[in-house]
Amino acid sequence: MSNAAMIDRYRWWEIILIYCGIALFLFFVLSPFVEGFLVSLKPLSQLFSSPYRFWPENGSFDAYRTMWISVPGFGRYIFNSFFISTIVTLIVLGLVIPAAYAFAKFEFRGMGILLGAFLTVNMFSGAVLLIPLFRLMRSMGVLNTYLAMIVPGVAFLIPSAIWLLRTYMIRIPQELNEAAYMDGASHFYTLRRVILPIAMPGIIVVAITTFIGAYAQQFIFALTFNSKTEYMPLPVGLFAYFGKQEVIWNELMAASFVGIAPAMVVIFFLQRYLVGGLTAGAVKQ
């Protein structure tokens, strides 16, 4: 079998086609973000000018300053989104780590049915279950609180997190479990001292994907289960303001980019763990 790198096995024109395909994919993925950022730099007079100018003339960051005044409580909205996502992530990890360990390392009756049920839950959109969830939140007395957004977020993110972490833990050799058992270690001790250090890259991947998922799905739950400004996450806060007045597009784009900054910071600092966790165990030594 040839030891040459896979990229060296392609002809020159095939390599060009590969890179052209990658460039085309990145163009469609990144162009909305680039356009949105340029809109945030343009004065309003240029947004609807004809012919349309892609690159702003006399662009500035004025919209980033004025939107703090235009959107009352904007800082609070960002804090709420970050706080809700963080709490959801911590709860999901606390529940998913032992569950994924059990599904990966033990055989028990009904395991396949439970895993199938988790997949079934992921097939339902949150919008489909809004009415029963609203009644449940009302019966629990948690409407207009953080819990009204945390509880559904945890429920909808647990199934995918279990599947993702279980797939990673399956790659951990079963002999480690057996050796710990022969030494008299309990399952909890084995999980805490043996499995967790090895599974840390996979846990970080689950934490990042859960945080991003919680940050992205706040709108529909917050819009339904909360009416108090002090608990509003960023998506509902922006919707409540820009939905009632004339839309100031450059300020809206500026607020959107500032709002996604916490998630981008998390991804930026943890991206090496994310890549490492996704690729760890992919090649068996």
Side-chain angles (χ1 to χ4, degrees), residues 33 73-100 117-130 132-134 136-137 140 142-168 199-240 255-271 273-275 277-278:
F33 294 94
F74 184 75
R76 179 72 181 187
Y77 298 152
I78 295 179
F79 169 79
N80 288 340
S81 286
F82 190 83
F83 175 77
I84 293 170
S85 301
T86 302
I87 297 301
V88 168
T89 302
L90 293 176
I91 295 175
V92 168
L93 288 180
L95 297 175
V96 161
I97 290 174
F118 291 147
L119 283 180
T120 304
V121 170
N122 279 345
M123 296 178 185
F124 286 92
S125 169
V128 178
L129 302 175
L130 278 181
L133 283 174
F134 179 84
L136 177 62
M137 296 298 107
M140 295 171 59
V142 297
L143 291 178
N144 298 318
T145 66
Y146 286 125
L147 281 176
M149 292 162 281
I150 291 174
V151 172
V154 170
F156 278 94
L157 290 171
I158 279 180
S160 57
I162 287 179
W163 271 93
L164 183 60
L165 189 56
R166 172 183 176 268
T167 302
Y168 186 90
M200 192 54 62
I203 293 173
I204 292 175
V205 171
V206 173
I208 295 174
T209 55
T210 301
F211 182 88
I212 295 173
Y215 206 86
Q217 71 173 12
Q218 294 168 355
F219 179 79
I220 190 170
F221 296 137
L223 188 65
T224 307
F225 307 142
N226 174 63
S227 59
K228 291 186 177 181
T229 304
E230 57 265 34
Y231 299 119
M232 278 187 182
L234 180 64
V236 179
L238 292 178
F239 174 79
S256 300
F257 274 91
V258 173
I260 65 175
M264 296 302 295
V265 169
V266 171
I267 295 174
F268 177 78
F269 283 103
L270 298 179
Q271 60 179 332
Y273 298 104
L274 179 62
V275 175
L278 289 175

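This structure is a prediction, so every number in the text was calculated from the model and none was measured. Nothing fancy with the numbering, it's 1 onward along the sequence. What you see below is based on every heavy atom in this structure, not just the backbone, and it leaves out hydrogens, waters and symmetry mates.
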Which heavy atom of Gly153 sits nearest to which heavy atom of Phe221, and what is that distance?
N-CE1, 4.3 Å

To check you understand the geometry: which heavy-atom pair defines the closest contact between Val88 and Ala214, and what is its length?
CG1-CB, 3.8 Å

Shortest non-hydrogen contact from Phe211 toward Ser85
CE1-CB, 3.5 Å

Is Val205 close to Leu164 at the side-chain level, that is, under 4.5 Å between some pair of heavy atoms?
yes

Atom OG1 in Thr89, atom CD1 in Ile84: separation rounded to 0.5 Å?
11.5 Å

Between Tyr215 and Phe82, does the ring centre distance come in under 6.0 Å?
no

Would you check if Tyr168 and Val206 make a side-chain contact, meaning some heavy-atom pair closer than 4.5 Å?
no

Could you tell me whether the side chain of Thr145 and the main chain of Val142 form a donor-acceptor pair under 3.5 Å?
yes

When rounded to the nearest 0.5 angstrom, what distance separates OG1 in Thr210 from CG in Leu165?
9.5 Å

I'd like to know if the side chain of Ser81 and the backbone of Leu234 have a donor-acceptor N/O pair within less than 3.5 Å.
yes

Using 0.5 Å steps for rounding, measure from the OG1 atom of Thr209 to the CD1 atom of Ile204.
11.5 Å

With heavy-atom distances below 4.5 Å as the criterion, would you say the side chains of Phe134 and Met137 are in contact?
no

What's the spacing between Ile91 CD1 and Leu157 CG if we round to 0.5 Å?
11.0 Å

For residues Leu133 and Pro152, report the shortest heavy-atom separation together with the two atoms involved.
CD1-CB, 4.5 Å

Spacing of CG belonging to Leu130 relative to OG1 belonging to Thr224, to within rounding of 0.5 Å
4.5 Å

What pair of heavy atoms forms the shortest contact from Val96 to Ile158, and how long is it?
CG2-O, 4.0 Å

Sequence neighbours excluded, which residues qualify as ring pair (Phe, Tyr, Trp, His ring centres under 6.0 Å) partners of Phe79?
Phe83

Hits for side chain to side chain contact (heavy atoms under 4.5 Å, CB included) against Tyr231, two or more places apart or cross-chain, chain-then-number order -> Tyr146, Met149, Asn226, Lys228

Once side chain to side chain contact (heavy atoms under 4.5 Å, CB included) is applied, do any residues pair with Ser160, and if so which ones, sequence neighbours excluded?
Asn122

Any idea which heavy atoms bring Ala99 and Ile162 closest together, and the distance?
CB-CD1, 4.0 Å

Hey, does Phe225 have a side-chain heavy atom less than 4.5 Å from the side chain of Asn144?
no

CG (Leu136) and CG (Leu143) are apart, to the nearest 0.5 Å, by 9.5 Å

